[in-house]
Amino acid sequence: MSHKEDINLIRVNRPQLTRRKFLQLSGISSVSLFLGGCGTPALEDLVGKLSEPLNQKVEGLIFKPQKLVPEFSASEIEPEALIINTFRATPIIDPAKYRLIIDGEVNNPLSLSLADIQALPQTSMIIRHVCVEGWAAIVQWGGVGMREIVALSQPKANVQYAYFKSADGYYESWDIASALHPQTLLAYQKNGEPLPVENGAPLRLASPIKLGYKQSKWVTQITLANYFSPFKGYWEDQGYEWFAGL
């Protein structure tokens, strides 16, 4: 069976995250959101090893994984307000050769082409993108929900984090509850048009629940894990807050 046939078979029998499974992964059914930000050993979880300040744990506790953030109307979109911040030089990615890898604590590792991703149910939202530098922009993003991609990979029940790698070397990590939020997208459209390369094409994170530095551009790999890596994110490893919720 060809890779394309594998993907078609996945689409026909697309797994869904049951409520129980969602609650397991998002941590609502336990206190994992309180302790999950620390390392794997129980003692490290308890002591914290200073890896996650108390305020981040509090943010995790008050975060409501299924609560929608109010969106804006099309007339409120600010086309010129989204500032292009670069980490390194903009990577050159051939869309025809692009693959999104989903691996880690999953039963069905995936390698999806851009066509595979665009064939999945599309969703769109108009939200405010907020940068830690103090500016914001109302943007329309279109793409596929992260929870759709996670469901395809058939995650194991112990997953607590999602790690993102980008083509330019940028790296990020999210708590799984935030990654599964219904308004967390892997976007390939911006303001009704194909996503520009400088904004992260072919695929970027977009969400109204996280600050801008959490929303990786040029995403090439998503690793689902049950441990909190010492490499939390590029800016977080420079001292920025890890949870970075809005």
Side-chain angles (χ1 to χ4, degrees), residues 15-67 100-110 145-166 170-186 205-211 213-216 219-237 240-246:
Q16 298 295 320
L17 289 178
T18 65
R19 178 173 177 80
R20 182 176 180 181
K21 182 78 166 180
F22 177 83
L23 293 178
Q24 284 179 328
L25 290 175
S26 63
I28 305 303
S29 59
S30 69
V31 293
S32 63
L33 276 178
F34 187 82
L35 294 177
C38 306
T40 10
L43 184 58
E44 288 186 10
D45 278 352
L46 200 57
V47 178
K49 298 274 283 191
L50 301 179
S51 64
E52 185 188 3
L54 179 61
N55 68 313
Q56 294 175 12
K57 294 181 181 179
V58 171
E59 284 184 88
L61 281 172
I62 65 176
F63 172 61
K64 296 179 173 57
Q66 299 184 71
K67 183 178 180 180
L100 175 66
I101 304 299
I102 301 94
D103 61 7
E105 292 293 314
V106 299
N107 293 309
N108 185 38
L110 298 170
M146 256 290 295
R147 62 190 342 189
E148 186 83 24
I149 296 292
V150 169
L152 281 177
S153 71
Q154 299 175 20
K156 297 179 181 179
N158 61 351
V159 168
Q160 295 186 63
Y161 305 98
Y163 292 88
F164 301 91
K165 290 184 180 179
S166 298
Y170 196 75
Y171 60 99
E172 258 303 342
S173 64
W174 288 40
D175 60 291
I176 194 63
S178 295
L180 294 177
H181 187 275
Q183 290 167 295
T184 297
L185 303 187
L186 287 165
L205 281 167
S207 181
I209 62 171
K210 296 288 185 185
L211 286 168
Y213 63 86
K214 301 293 290 186
Q215 300 180 39
S216 303
V219 175
T220 57
Q221 184 174 355
I222 302 169
T223 300
L224 303 181
N226 61 359
Y227 60 88
F228 193 54
S229 170
F231 303 102
K232 300 182 288 293
Y234 176 79
W235 288 112
E236 293 88 331
D237 292 343
Y240 280 47
E241 184 189 8
W242 176 71
F243 195 84
L246 291 172

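- Ring geometry for F228 versus W242: interplanar angle over 60°, hence perpendicular rather than tilted (30 to 60°).
- Here T223 contributes atom OG1 and F164 contributes atom CZ; the two are 9.5 Å apart, rounded to the nearest 0.5 Å.
- Atom CZ of F243 is separated from atom NZ of K214 by 9.0 Å, given to the nearest 0.5 angstrom.
- Considering all non-hydrogen atoms of both residues, S153 and L224 come closest at OG-CD1, 3.8 Å.
- Every residue two or more places apart in sequence or in another chain that forms a side chain to side chain donor-acceptor pair (under 3.5 Å) with K210 is listed here: D175, S178.
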**OP:** Check the pair L110 / L100 against side chain to side chain contact (heavy atoms under 4.5 Å, CB included), numbers first and verdict last.
**Re:** CA-CA 8 Å; L110 298 170; L100 175 66; over 6 Å; no
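- Partners of Y234 by side chain to side chain contact (heavy atoms under 4.5 Å, CB included), not counting sequence neighbours, listed by chain and number: F87, Y170, Y171, Q238.
- When the side chain to side chain contact (heavy atoms under 4.5 Å, CB included) test is applied to T184, the partners found at least two apart in sequence or on another chain are M146, W174, H181, L205, S207, I209.
- The shortest heavy-atom contact between A225 and E105 is CA-CG, 4.1 Å.
- Of all non-hydrogen atoms in V150 and P155, the two that sit nearest each other are O-CD, 3.0 Å.
- The side chain to side chain donor-acceptor pair (under 3.5 Å) check on Q215 picks up nothing, with sequence neighbours excluded.
- Not counting sequence neighbours, D103 has no partner by the salt bridge (Lys or Arg N to Asp or Glu O under 4.0 Å) test.
- Checked by atom type and distance alone, the side chain of D237 pairs as donor or acceptor with a backbone atom of K232 at under 3.5 Å.
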Subject >> Derivation and outcome, side chain to side chain contact (heavy atoms under 4.5 Å, CB included), residues I222 and L186 >> reply: CA-CA 11 Å; I222 302 169; L186 287 165; 3.9 Å; yes
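- No donor-acceptor pair closer than 3.5 Å links the side chain of N108 to the backbone N or O of Q154.
- The distance from atom CD1 of I176 to atom CG of N158, rounded to the nearest 0.5 Å, is 11.0 Å.
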**OP:** List the steps and the verdict of side chain to side chain contact (heavy atoms under 4.5 Å, CB included) for Y213 and E172.
**Re:** CA-CA 9 Å; Y213 63 86; E172 258 303 342; 3.9 Å; yes
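- Remark: K67 NZ to Q183 CD distance equals 11.0 Å, nearest 0.5 Å.
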Original post:
L246 and L211: side chain to side chain contact (heavy atoms under 4.5 Å, CB included), yes or no, with the steps?
Top reply: CA-CA 7 Å; L246 291 172; L211 286 168; 3.5 Å; yes
